[in-house]
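Below, chains carry the letters A, B, ... as their sequence lines are ordered, and counting in each starts from 1. The model shown is predicted, which means the values in this text are computed figures rather than measured ones.
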2 protein chains.
Amino acid sequence: MAKELKNFTKRSDNYSQWYNELVIKADLAEQSAVRGCMVIKPYGYAIWEKMQRQLDDMFKATGHQNAYFPLLIPKSFLSREADHVEGFAKECAVVTHYRLKNDPEGNGVVVDPAARLEEELIIRPTSETIIWNTYKNWIHSYRDLPILVNQWANVFRWEMRTRMFLRTAEFLWQEGHTAHATREEAETEARKMLNVYATFAQDYMAVPVLQGVKSANERFAGAIDTFTIEAMMQDGKALQSGTSHFLGQNFAKAFDVTFMNKENKPEYVWATSWGVSTRLMGALIMTHSDDNGLVLPPKLAPIQVVIVPIYKDNDQLQAISQRVEPLLEELRRRGISVRYDDADNRRPGFKFADYEVKGVPVRLAIGARDLENGTVEIMRRDTLEKETVGFSGIEDEIERLLSDIQSNLFKKALSFREKMTYTVDSYEEFKEKIEEGGFILAHWDGTPETEEKIKEETKATIRCIPFDGDTTPGKCMVTGKPSAQRVVFARSY
Amino acid sequence: MAKELKNFTKRSDNYSQWYNELVIKADLAEQSAVRGCMVIKPYGYAIWEKMQRQLDDMFKATGHQNAYFPLLIPKSFLSREADHVEGFAKECAVVTHYRLKNDPEGNGVVVDPAARLEEELIIRPTSETIIWNTYKNWIHSYRDLPILVNQWANVFRWEMRTRMFLRTAEFLWQEGHTAHATREEAETEARKMLNVYATFAQDYMAVPVLQGVKSANERFAGAIDTFTIEAMMQDGKALQSGTSHFLGQNFAKAFDVTFMNKENKPEYVWATSWGVSTRLMGALIMTHSDDNGLVLPPKLAPIQVVIVPIYKDNDQLQAISQRVEPLLEELRRRGISVRYDDADNRRPGFKFADYEVKGVPVRLAIGARDLENGTVEIMRRDTLEKETVGFSGIEDEIERLLSDIQSNLFKKALSFREKMTYTVDSYEEFKEKIEEGGFILAHWDGTPETEEKIKEETKATIRCIPFDGDTTPGKCMVTGKPSAQRVVFARSY
């Protein structure tokens with residue numbers, strides 16, 4: 001079983017299959033009986049909970065409150081905003097009936113045709129419409145603004161090709177929906193929340209991200225501007241990891257939401273929305289993990305340290321447990337989550353493999369000889385380096401190691417991204433380079449047509465127009481027309 | 001506005017209307033555009049979050065882990081367990097299509113008839129079926145047991161008559177689903193989790209509850225036994241506040257989930273499920289609140305203490321703020337959530353009324369004269385008593401008061417329940433008494449027919465057969481047949 005656990009497809013052989021196997025073997029998630037919907041297993045969910053808790057704290061620290069809006073949206077709401085309906089009507093789950101009845105022919109239950117809804121309801125693919133319909137009643141005067149609300153929820157999009165965490169029909173996410181009196185305030189909010197996402201990705205997930213604005217082709221349906229954080233996976237493909245939208249007055253106009261400004265004149269309200277989802281799990285997995293399994297940054301690891309006793313008999317186990325007990329207490333006191341795995345139905349070798357596959361950052365092993373010598377074996381998951389060190393003061397070493405692993409993972413991912421980022425000037429070179437993966441900085445003439453042509457010919461899209469990129473003007477690599485700055489191209493998930 | 005806030009229907013005039021108004025005026029929730037679905041507003045959601053956090057800690061302390069299962073359930077799953085389908089097929093939302101398209105006649109979007117699902121999907125009314133279908137793959141041997149999993153989720157039941165928090169089509173809840181090797185272990189689990197609910201209700205919500213088992217008529221569809229906690233609202237009606245089900249092997253049989261026992265023989269797995277929902281918000285509101293608005297137990301209050309400065313000019317405000325600052329710090333250090341409301345666009349009188357309606361447990365008011373005298377006015381929301389006390393050492397007084405309010409609310413609710421609990425021997429007396437509300441302890445012959453007759457004639461049902469009730473045998477008040485013990489009757493929500 002230990003061998004089977006470790007018997008992975010290698011990343012270099014088939015990255016996509018490696019990912020699928022990892023999700024299963026690390027016990028993160030599995031396919032369900034419902035097409036495109038996954039089951040998030042306890043270990044996977046525990047990582048998601050750590051993400052949620054941290055993000056929630058960051059949202060609250062920036063003045064947001066949580067609320068909850070209905071799962072179902074009247075069909076007509078979707079068509080109120082012209083771009084929005086184009087983006088979401090094509091892939092939604094539609095509720096048409098509200099009752100089943102016994103099959104008159106005796107085969108289980110059938111839909112009761114008498115229980116047809118007058119207006120069909122859509123399972124929310126995103127909640128702008130139902131929320132702005134609600135805000136209409138909350139907003140009357142500038143004194144009611146801003147509204148800074150977030151919702152943790154499940155959403156549903158009928159995707160044709162799904163992959164666990166990366167693209168599933170149902171997924172879990174948070175969606176912030178804010179309302180403001182001025183354009184400036186709303187734009188500032190949208191950028192501020194993108195920055196919260198970037199901070200979370202970098203400081204907690206140890207995933208470096210590029211921040212920028214989307215081109216028109218890649219914009220959220222209904223937004224004026226979509227800001228994005230883009231991460232690079234180990235196969236050189238981009239993963240859009242979070243987006244924040246400046247919605248202008250589009251939804252306020254669609255749902256007729258106005259406020260009396262300080263001059264007592266009615267004005268449409270300015271809006272933002274922003275979200276990250278269980279897709280972050282995909283980003284986390286694909287950024288750090290290796291051919292031996294999951295690698296987790298300590299700040300998001302459900303188990304940060306595991307201690308495995310190695311013993312021949314119960315006396316040895318007792319002696320080891322006695323030695324370990326004060327360490328467990330001290331680690332917990334320091335807020336470090338530690339598991340002492342003294343289960344006797346699994347051999348140490350199996351345990352080692354299992355915790356390795358599950359990405360536990362630090363593993364301690366302690367046996368009878370260690371007791372005699374006052375030592376312990378310590379292994380770090382990121383580099384798989386192990387050494388035997390003194391047991392006394394090991395708690396400081398563990399803390400140092402956790403912090404080192406966290407920053408090492410980030411540095412490694414950053415240097416990979418830097419290595420895989422190219423500046424390219426000719427379309428010929430672009431077409432060659434893109435085959436190898438990575439981010440390509442190139443000039444583009446700013447038109448959707450050129451972007452579309454590049455996508456068709458190379459499968460690469462503009463991931464973002466970066467905020468802090470080189471802003472030297474140049475010429476579009478395809479058309480030769482003027483370009484204001486280089487943009488980031490990549491193939492993407 | 002302050003007056004309008006306080007202009008409630010009185011409980012004694014119309015309890016039901018009082019409740020509806022309170023939910024709105026305390027800013028807890030409101031009706032949405034979707035029939036039977038509510039919007040939980042930030043203040044209401046903040047209370048729910050405190051409940052969630054505490055319950056989640058208690059679940060984890062008893063060895064449970066969270067996971068997530070799909071929102072949608074294949075229609076055929078529902079009919080696998082015969083009782084279960086009877087209970088849930090009649091009120092569920094059915095997804096039949098997966099796409100909308102532009103209306104050829106130009107009126108928004110219509111359901112695309114080409115996108116009809118082969119098998120309809122049901123929005124989960126509860127998740128036993130999809131979860132047991134999943135457990136089939138998780139369980140092979142007794143070593144895989146027990147599985148102790150909980151899920152926080154939204155569920156949907158197409159209720160005809162809805163009331164905010166008490167009965168809504170969509171609601172938020174948690175559902176625990178556990179799998180065990182033996183009947184005993186499963187029964188113990190079901191009772192243990194009922195006990196967790198009772199502890200939570202009493203120690204955090206300050207709501208006394210009766211624990212007991214449901215009669216067959218009131219049992220969960222698919223359970224062998226349903227255990228329940230029942231609370232008494234201020235109108236004397238019962239509110240079922242949480243249930244825990246011993247499911248026997250019913251779902252294991254329906255989904256063919258067996259395990260190899262220690263003797264290497266296949267056996268069906270034993271199951272429990274247990275849940276509490278946003279209905280607890282209704283119980284919380286209706287147990288403690290009064291004609292002035294919400295009354296919250298401090299342990300669940302999003303704001304435990306509010307401090308309102310009373311000032312004529314900016315100099316006074318500054319002096320007050322300076323005095324208050326160290327107190328805010330000290331309270332926060334003690335883990336007390338405090339708001340200092342120095343907003344200048346609302347008058348103190350309005351603030352007082354607003355925080356009263358919102359049920360903030362302790363209010364401090366401090367003005368220029370208090371500064372001179374070294375005093376502060378302190379008010380407790382449960383009794384509305386206020387007094388002027390010395391400012392120095394007020395942090396200890398606040399802590400004492402919060403603890404006193406918590407226990408006072410529980411005592412008050414308990415003594416109300418005791419006062420409204422009657423022992424009755426004749427059906428005539430029962431019919432009279434039940435009109436006044438309250439719990440009635442009476443003998444019953446144990447048959448569904450007698451229970452049904454009582455329900456038809458008096459609208460009262462058996463809330464539970466109490467665990468720790470008087471077990472003296474007697475004669476059924478209706479039929480005169482033998483009764484093993486008194487059971488608890490009441491009208492209920």
Side-chain angles (χ1 to χ4, degrees), chain A residues 30 32-34 37-46 48-49 65-80 85 89-102 107-111 115 120-123 130 133-134 137 143 149 153-154 156 158 170 172 345, chain B residues 30 32-34 37-46 48-49 65-80 85 89-102 107-111 115 120-123 130 133-134 137 143 149 153-154 156 158 170 172 345:
Chain A
E30 65 183 38
S32 77
V34 184
C37 296
M38 64 180 164
V39 171
I40 306 180
K41 298 186 77 174
Y43 191 63
Y45 200 84
W48 174 241
E49 276 183 301
Q65 293 180 295
N66 289 327
Y68 189 75
F69 298 86
L71 169 71
L72 299 178
I73 297 178
K75 188 190 67 180
S76 60
F77 280 22
L78 219 54
S79 8
R80 295 259 202 114
V85 67
K90 276 152 201 147
E91 46 177 34
C92 60
V94 189
V95 176
T96 56
H97 291 75
Y98 57 85
R99 193 165 57 226
L100 300 174
K101 62 171 191 176
N102 291 322
N107 295 317
V109 282
V110 294
V111 175
E120 295 89 354
L121 298 166
I122 310 306
I123 300 183
I130 188 92
N133 185 66
T134 307
N137 303 317
R143 285 188 203 86
V149 161
N154 52 346
F156 203 97
W158 204 277
E170 183 188 11
L172 304 183
N345 58 354
Chain B
E30 65 183 39
S32 78
V34 184
C37 297
M38 65 181 162
V39 171
I40 306 180
K41 298 186 78 174
Y43 191 63
Y45 200 85
W48 174 241
E49 277 183 301
Q65 293 181 295
N66 289 327
Y68 188 75
F69 298 86
L71 168 73
L72 298 179
I73 297 177
K75 187 191 68 178
S76 60
F77 280 22
L78 220 54
S79 8
R80 296 257 201 114
V85 67
K90 276 153 201 145
E91 45 179 37
C92 59
V94 190
V95 176
T96 56
H97 292 75
Y98 57 86
R99 192 165 59 227
L100 300 175
K101 60 171 192 176
N102 291 322
N107 296 316
V109 283
V110 294
V111 176
E120 295 88 354
L121 298 166
I122 311 304
I123 299 183
I130 187 93
N133 184 69
T134 307
N137 302 318
R143 287 188 200 86
V149 161
N154 52 345
F156 204 98
W158 204 277
E170 183 188 12
L172 304 183
N345 58 353

Quiz prompt | Residue list, salt bridge (Lys or Arg N to Asp or Glu O under 4.0 Å) with A:Lys41, at least two apart or on another chain | solution = A:Asp27, A:Glu30
Practice problem: Under 4.5 Å heavy-atom distance to chain B, tell me which part of A:Asn66 shows up: side chain, backbone, both or neither. | Solution: both
Practice problem: Sequence neighbours left out, what passes salt bridge (Lys or Arg N to Asp or Glu O under 4.0 Å) with B:Arg80? Give chain and number order. | Solution: none
Quiz item: In terms of heavy-atom pairs under 4.5 Å with chain B, which of A:Ala115, A:Gly44, A:Ala67 leads?
Solution: A:Ala67
Exercise. Just give me the residue among A:Ser79, A:Cys37, A:Pro42 that pairs up with chain B most often, heavy atom to heavy atom, under 4.5 Å.
Key: A:Pro42
Practice problem: Name the member of A:Tyr45, A:Tyr68, A:Phe69 that forms the most heavy-atom pairs with chain B at distances under 4.5 Å. | Solution: A:Tyr68
Quiz item: Out of A:Ile122, A:Val110, A:Ile130, A:Ile123, which one racks up the most heavy-atom pairs below 4.5 Å with chain B?
Solution: A:Ile123
Exercise. Identify the heavy atoms of B:Lys90 and A:Arg99 that sit nearest to each other, and give their distance.
Key: O-CG, 3.3 Å
Quiz item: Side chain, backbone, both or neither: which part of A:Asn102 has an atom under 4.5 Å from a heavy atom of chain B?
Solution: side chain
Practice problem: Please state whether the side chain, the backbone, both or neither of A:Thr96 comes within less than 4.5 Å of a heavy atom of chain B. | Solution: both
Quiz item: Is A:Lys75 reaching over with its side chain to a backbone N or O of B:Val109, donor-acceptor style, under 3.5 angstrom?
Solution: yes
Quiz prompt | Contact class of A:Glu120 relative to chain B, heavy atoms under 4.5 angstrom | solution = side chain
Quiz prompt | Min side-chain heavy-atom separation B:Phe156-A:Val95 under 4.5 Å | solution = no
Quiz prompt | Heavy-atom proximity to chain A below 4.5 Å, by part of B:Glu170 | solution = side chain
Quiz prompt | A:Leu71, part contacting chain B, at a heavy-atom distance under 4.5 Å | solution = both
Quiz item: Looking at B:Pro74, B:Pro70, B:Gly108, which makes the most heavy-atom pairs under 4.5 Å with chain A?
Solution: B:Pro70
Quiz item: Which region of B:Phe77, side chain (C-beta onward) or backbone (N, CA, C, O), has a non-hydrogen atom less than 4.5 Å from a non-hydrogen atom of chain A, or is it both or neither?
Solution: side chain
Practice problem: Flag the one option from A:Glu49, A:Glu91, A:Lys101 with the top tally of heavy-atom pairs under 4.5 Å to chain B. | Solution: A:Glu49
